[in-house]
Each structure stands twice: as structure tokens, then as C-alpha cells.
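Here is the structure we will look at, set down as C-alpha cells.
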Amino acid sequence: MTKILVTVKRIPDPDESLKFTGSGLDLSSVKWVPNAFDEYAVETALRLAEDVNNKKSKLAEIIVLSICPQKQRQHMTQFLAMGADRGVIVDADDLELDTAAISKIIAKVAQDEGVDMVITGKLSQDNEGNQVGQRVAGLLGWPQACFAAELDWDQANNALSVHREVDDGVEVKKIPLPAVVSVDLRVVLPSSVRNGVNPADHKFTDGPRLASLRGITMAKRKKVDVKTPADLGVTSAAGESTVGVNKPPGRMAGQMVETVEELVEKLATEAKVL
Amino acid sequence: MSKVLVVLETAGGKLRAHCLPGIAAAKQIADARGLPLHLLVLGADASAAAEIAAAGYGAAGVHTIANPALEPFTAEAWGDAIVHATKSLGASVVGGTASSTLRDCLPRAAAILDAPLCAEVVAVKSGDTFTRPISAGRALLDEKLSGEIVFFTARGSEFEPAAAGAAAPVSAIDGVNVDTRGVEVVGIQKTQSSRPALTEADVVVSGGRGMREGSNFKVLEDLTDLLGGALGASRAATDAGMVPADLQVGQTGKIVAPNLYIAVAISGAIQHLAGMKGSKTIVAINKDGEAPIFQVADYGLVAKWEDALPRFVELVQARKG
Ligand SMILES: Cc1cc2nc3c(=O)[nH]c(=O)nc-3n(C[C@H](O)[C@H](O)[C@H](O)COP(=O)(O)OP(=O)(O)OC[C@H]3O[C@@H](n4cnc5c(N)ncnc54)[C@H](O)[C@@H]3O)c2cc1C
């Protein structure tokens, strides 16, 4: 059966305000939540694997992979509860690993598991690197389709046709499997993912699915392998290091205007932009 | 000799304008390291190189790799070409503007060379330390890269476009194997528009969910065209299909920093602000006086767009005569 590896990450709740320490960010008391883009990546895999007319049939096995301290894996449970089949945890403090090491770990797991697709979120909301999918593809020598907004799985030809959001519009790219896909936000719109089995007019619910109570119970019984970076032969090379983290300069306070007339007058004479 | 190498994009035999800020960022890094700046032109042929070399942009040399497999762009073939050029030229810093093209292929090339990459650089602190926004622009990270080769992408809105200078010599890199690994680019669905590109426009007029439907964007388009600007939108408006997805401004859309940004019926979510708060003058029109967009606006007007916009268009028209 087709195997899909989905990478998932925990991030500090993006709705909480940041605590600056001077040299970095204080993360000691943050609430950890799943990275939204990874929820979209898992949702993409679930939609590829699902036969909506036959819930018993499954077109792919979905493995979720997270690099995180073994004891902090609530996000993993949540992704298993959404419907992923099993998990792999690489026990490490992800904040201490650089992007190159993270990518090597993912590539090695993909190889060891013999997967057909790696699906990643386009970026993590905290670090915003937007590199991991591309790097994993480079390390494996596989094709890549980044910033995917729509996916068609052509099972007969063992390929994906991907709509990628690029600066000029939307690019349609066909890639043979095995391959790496990084997903953008619109991949969770109701008709964005098609697997050739579900009816062409099938519409999924908008957005990533929520874990059901039954899903949460079942997640506790799903298999989660725990490995270490050393098991996978990866040592960190500290190619990136943090020198400091600062608050961006704020904007000068603005003014409220009462009427459109006043607005246009000020834009013309004060701001001189008309 | 070691050098700083900028990867350029061309279209129709010409340099694409969005590459110029990337050259400017590379020049700062080159100066900080005391290294020469070099430019790399990839494509099916090298026809764009002569014009680029004539303008020079402060570079000591322009290098070309001509191969039919490099057009249309694929990250696979470009990744191979960039790896080859980096090695054969002995480049120690490789980068360019953070366009969707370079964001796709540079991390791939960096991984093959086992090199670190700093993405979306907004300031060059020294030859190896760069500033980039994290957490939707709520913090600025100063990141130091170490290694024999390092990569970067520079945020186009944060660097002045590089200016033409003395001409630079052109040389071809031959015998490069590139492999598209079986991928096929079926085509690009471009959003046709006679307006300037969002990331290059002097004025951006954006609409949000409060516009309710696509046809209501007409009045925003009128204002946009009067001001010679580009049309933008929030994610809520693009997701609802009111306007095409490539008009989205924000963390996951375009990053813009025009002279004038007008946000209409946009609440000002942190992810939207991440894409426009570098604008020089920000105008917000929203019916809700509590909307967070007013906190970054230079001029705020609490009003329904239905009431305010037609008059706005009229008054601007009158001024423009
Ligand atoms: C990971 C992630 C990435 C994201 N990336 C982006 C991004 O790149 N860009 C982006 O924009 N969003 C992004 N978002 C979404 C963002 O969080 C907000 O949901 C979105 O920006 C809201 O769009 P909006 O302001 O148009 O809609 P709303 O928040 O619904 O605001 C609508 C506004 O319109 C006003 N309004 C309504 N009717 C009228 C009227 N008649 N006249 C005047 N005003 C009116 C209302 O008062 C309200 O303030 C992202 C979200 C996530 C989770």
C-alpha cells in the first residue's frame, strides 16, 4: 500500500503574546499547539487516502513524524486522533536542532519507512523558515511540489498533479512519485484534494477536520515508535545560531479622521501621497 | 576566489525587476565580507545576459548556464544548476530575492551542499549575521550562519533595487548536467492584469471580508486605477473567491511595502499585518472602530465602505483632474 509520511511540529500558541528576554524569547510558560500548516498537511494526506463511499477501504497508510521531546507529544496524539495510522517521534529538543539536521532526520525516516510521499506544511508559524520540504527533496533526490493549493493523485501513473501558488499565479506541475509536497493554506478548501476514487463533485468540509472523541480514544492505542537523532545517524552541525531576538520597531501613532473629505485632504497635503 | 553569487530570474530575455533588491542585499553581504559580487543567469539560452552585463549592478562578473531543461523553471533542474555553479565558481554566499522561484529552489540546493540558509532577510548585520522576521513579523531574529557556503533569500520590500553601474564581463559555464527528475510543468495560470505587480506597486488598495462579494470590488478597482496602483486582498476575501488567490497580502501571501496602502473592510489580523506593515502611509477604512487595523494606520476612518468609497473615488478624481 502507498505510504505517506507527514511531518508535524508543535509551536508556541501564536495567539499568545511573545515574551522578549533581551537575547531571545522566553518559552518556559508557553502553551504548545500544533502548527496550523501541519494540520493542513495531515488533512491533505487523509483526503488522499480516503474513499468517501467506502470508509473501510483506505488508499494509503499515513505516518506522522514529529521531532520533539518525547514527553511533549500532545500534538502527536491530536494528529493520530484526526485519523493518521501511526506515529514516529524522534526524541530531541527541536529548538536545539538546525534546519539542516531536522531535514536530514526527516529524509532518513522517509527512506527507512520506504514512503511514496512526504507531505509537509509550507512553513511553521513560529520559525517561518519555509525550507524543510525543499531540503528533504534535495537530500533524497526526489521531485518536489511546494506551496501546493490543489492536488490530483493519478494512481494509474503513480504521479501527482499539483497546483502551486507562485508569485505570478498558479503553476500546474506533474511529479512522479516518490516525491515531496509542501502544502499552502488553500489545500483545505472543500474541493482541493482529489484521489481519482472519490466522486469528482465530492466536497470535503472546509478546513482541517477536528478530532472526534472516538478518534482520541483510538489515538491512544495507535503505535508510536520513538527514535533518537543518533539512531538515524544525524548529528547537529549548528549551521544557524541565534544572536538575538528583538521586538520590531512600532509604527508611530496615527490619527482618526471624521470624514472622507478630511481623509483626502490630509492624504494630499500632509502625507503627500495623492 | 571566493565570491557572493546572486541567482537571477529572466523573462522574455530580460531581467525580472523583482531580482534587483536581492542584488542589493548581496552587495551589502559582499562588502561586509570584502568579496566580489557575481551574478548567475539560468535559462534555455543566455540571451538575457548581455543586457544584464551591460548594466553590471555592481557585479564583477556575470555567469550563464544555458540548458533547455532550465525552462520552464523547475526547482529540480535549477537546484542542480545552482549546486554546479556554486562549486565551479567557488561561491561562499549564494542567494537572491525571496521570490516563489528562489524560495523553491535555493533550500533544495542548500541541502545538497549541506549549507545553512537564512530566509526572508530584512537586514544585513554583518557578513554572516542577518535579520529576519519570525512569528508573523512579531519578532526580529538576528541569525548567524556558519559554514563554508551559506545561502540567503532577501525580502524584496526591504532593500532598494540595485542600480546599474559599470559593465561586467560574461562567461558561460559549460557541461552542466541538470535533471528535472521526470517532472513536467503543464503551465502557469497567470492572473491577467494591466496593473503593476503587487510587490512593485507604489500604491496598494486591498479589500477584505467586509466587501462581501467579488462584484463589490469594482469600486476598489476604480480607486486602484485612479491611483495607478495594484489591487490586494485579505485571505478571507481570497478564500471566499472574491478575487484571485495571488492578490492575497500577508504572512502567506505577498509582502508589500508601498508608499500608500489602503485597507478597506479588513480587520487587521496579525497575519495580514505581517504583509503590509512596512508600508509608508497606511489608510484604514472599517465600520468597526475597534478593529486592530487602526492600530497600524496613519489615517483611520470609521465608516462603511458603501458610504465612504464612492465619495473617496469622486474626490480623488476631482484632484487628479
Ligand atoms: C497560518 C495562517 C496564515 C494566514 N495568512 C494570512 C495572510 O497571508 N493574509 C491574510 O490577510 N490573512 C491571513 N490569515 C488569516 C487571518 O488570520 C484573518 O483571518 C484574515 O486576515 C481576516 O481577513 P479580513 O480582515 O478580510 O476578515 P475579517 O477578520 O472577518 O474582517 C472583516 C472586517 O470587515 C469589516 N467590515 C464588515 N463590513 C464592512 C463594511 N460594510 N464596511 C466597512 N467595513 C466592514 C469588519 O468590521 C471587519 O473588521 C492567516 C491565518 C492563518 C492561521
Side-chain angles (χ1 to χ4, degrees), chain A residues 14 18 20 25 98-100 103 125-131 134-135 137-139 141-144 146-147 149 161 165-176 184-186 189 238-248 251 254-257 260-261 263-264 266-268 271 273-274, chain B residues 75-76 79 99-100 103-104 107-112 114-120 129 133-147 181-191 235 239 245-246 252 259-260 277 281 283 296-302 308 311-312 315-316 319:
Chain A
L18 301 175
F20 293 87
L25 290 175
D98 65 5
T99 314
S103 308
Q125 287 164 278
D126 56 345
N127 179 58
E128 294 195 86
N130 190 347
Q131 305 190 34
Q134 297 90 314
R135 280 185 176 268
L139 292 170
W142 289 2
Q144 71 190 48
C146 295
F147 331 136
S161 171
E165 288 190 349
V166 295
D167 291 347
D168 292 338
V170 178
E171 180 198 276
V172 182
K173 182 178 187 181
K174 274 196 190 149
I175 55 171
D184 214 323
L185 296 172
R186 269 168 279 271
L189 293 181
E240 307 150 7
S241 48
T242 296
V243 175
V245 180
N246 300 295
K247 216 180 158 97
R251 288 187 68 92
Q255 51 178 305
M256 298 303 284
V257 294
V260 182
E261 284 72 14
L263 176 63
V264 171
K266 290 202 157 151
L267 287 178
V273 286
L274 286 186
Chain B
E76 293 78 5
S99 63
S100 56
R103 284 190 283 125
D104 196 17
R108 182 179 178 104
I112 297 171
D114 199 14
L117 182 153
C118 188
E120 304 273 348
T129 302
I134 55 171
S135 298
R138 291 184 300 154
L140 293 171
L141 168 67
D142 292 336
E143 186 168 71
K144 180 177 166 164
L145 299 183
S146 23
R181 290 176 181 76
V183 309
E184 182 197 337
V185 176
V186 182
I188 293 202
Q189 300 157 2
K190 284 203 177 131
T191 308
R235 177 182 173 206
D239 274 7
D246 58 344
T252 48
N259 232 339
L260 174 62
K277 70 179 177 191
T281 300
V283 173
V296 300
D298 299 289
Y299 299 96
L301 175 66
V302 180
R311 183 79 184 126
F312 198 164
L315 290 172
V316 174
R319 270 186 191 272

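All chains are named by letter (A, B, ...) in the order of the sequence lines, taking the proteins before the strands, and each is independently numbered beginning at 1. Small disclaimer: the values here were computed from a predicted structure and weren't measured.
Using a 4.5 Å cut-off between heavy atoms, A:Arg135 touches chain B through backbone and side chain atoms alike. Both the backbone and the side chain of A:Ser241 come within contact range of chain B, judged by heavy atoms closer than 4.5 Å. Contacts of A:Asp168 with chain B are made by both backbone and side-chain atoms, with heavy-atom separations under 4.5 Å. Of the atoms belonging to B:Ala115, it is backbone heavy atoms, and not side-chain ones, that fall under 4.5 Å from chain A. For B:Asp246, the part sitting under 4.5 Å from any heavy atom of chain A is the side chain, from C-beta outward, and nothing else. Heavy atoms of A:Leu274 lying under 4.5 Å from chain B belong to its backbone as well as its side chain. Interface residue B:Ser146: backbone and side-chain heavy atoms are both found under 4.5 Å from chain A. Looking at A:Thr242, both its backbone and its side chain come within 4.5 Å of chain B, counting heavy atoms on both sides. Heavy-atom distances place both the backbone and the side chain of B:Arg138 under 4.5 Å from chain A.
Per-residue heavy-atom pair counts under 4.5 Å with chain B were compared for A:Ala137, A:Ser103, A:Ser161, and the maximum is reached by A:Ala137. In terms of heavy-atom pairs under 4.5 angstrom with chain B, the leader among A:Lys247, A:Glu261, A:Lys266 is A:Glu261. Heavy-atom pairs under 4.5 Å with chain B were tallied for A:Gly169, A:Gly244, A:Cys146; the largest tally goes to A:Gly244.
Within the 3.5 Å criterion, the main-chain N or O of A:Pro14 finds no donor-acceptor partner in the side chain of A:Gln125. A donor-acceptor distance shorter than 3.5 angstrom exists from the side chain of A:Asp167 to the backbone of B:Ser100, with no hydrogens or angles considered. Side-chain atoms of A:Lys173 come within 3.5 Å of backbone N or O of A:Gln144 as a donor-acceptor pair.
In this structure, the side-chain hydrogen bond (donor to acceptor under 3.5 Å, both in side chains) partners of B:Glu143, at least two apart in sequence or on a different chain, are B:Arg132. Legend: residues meeting salt bridge (Lys or Arg N to Asp or Glu O under 4.0 Å) with B:Arg235, ordered by chain and number and at least two apart, are B:Asp239.
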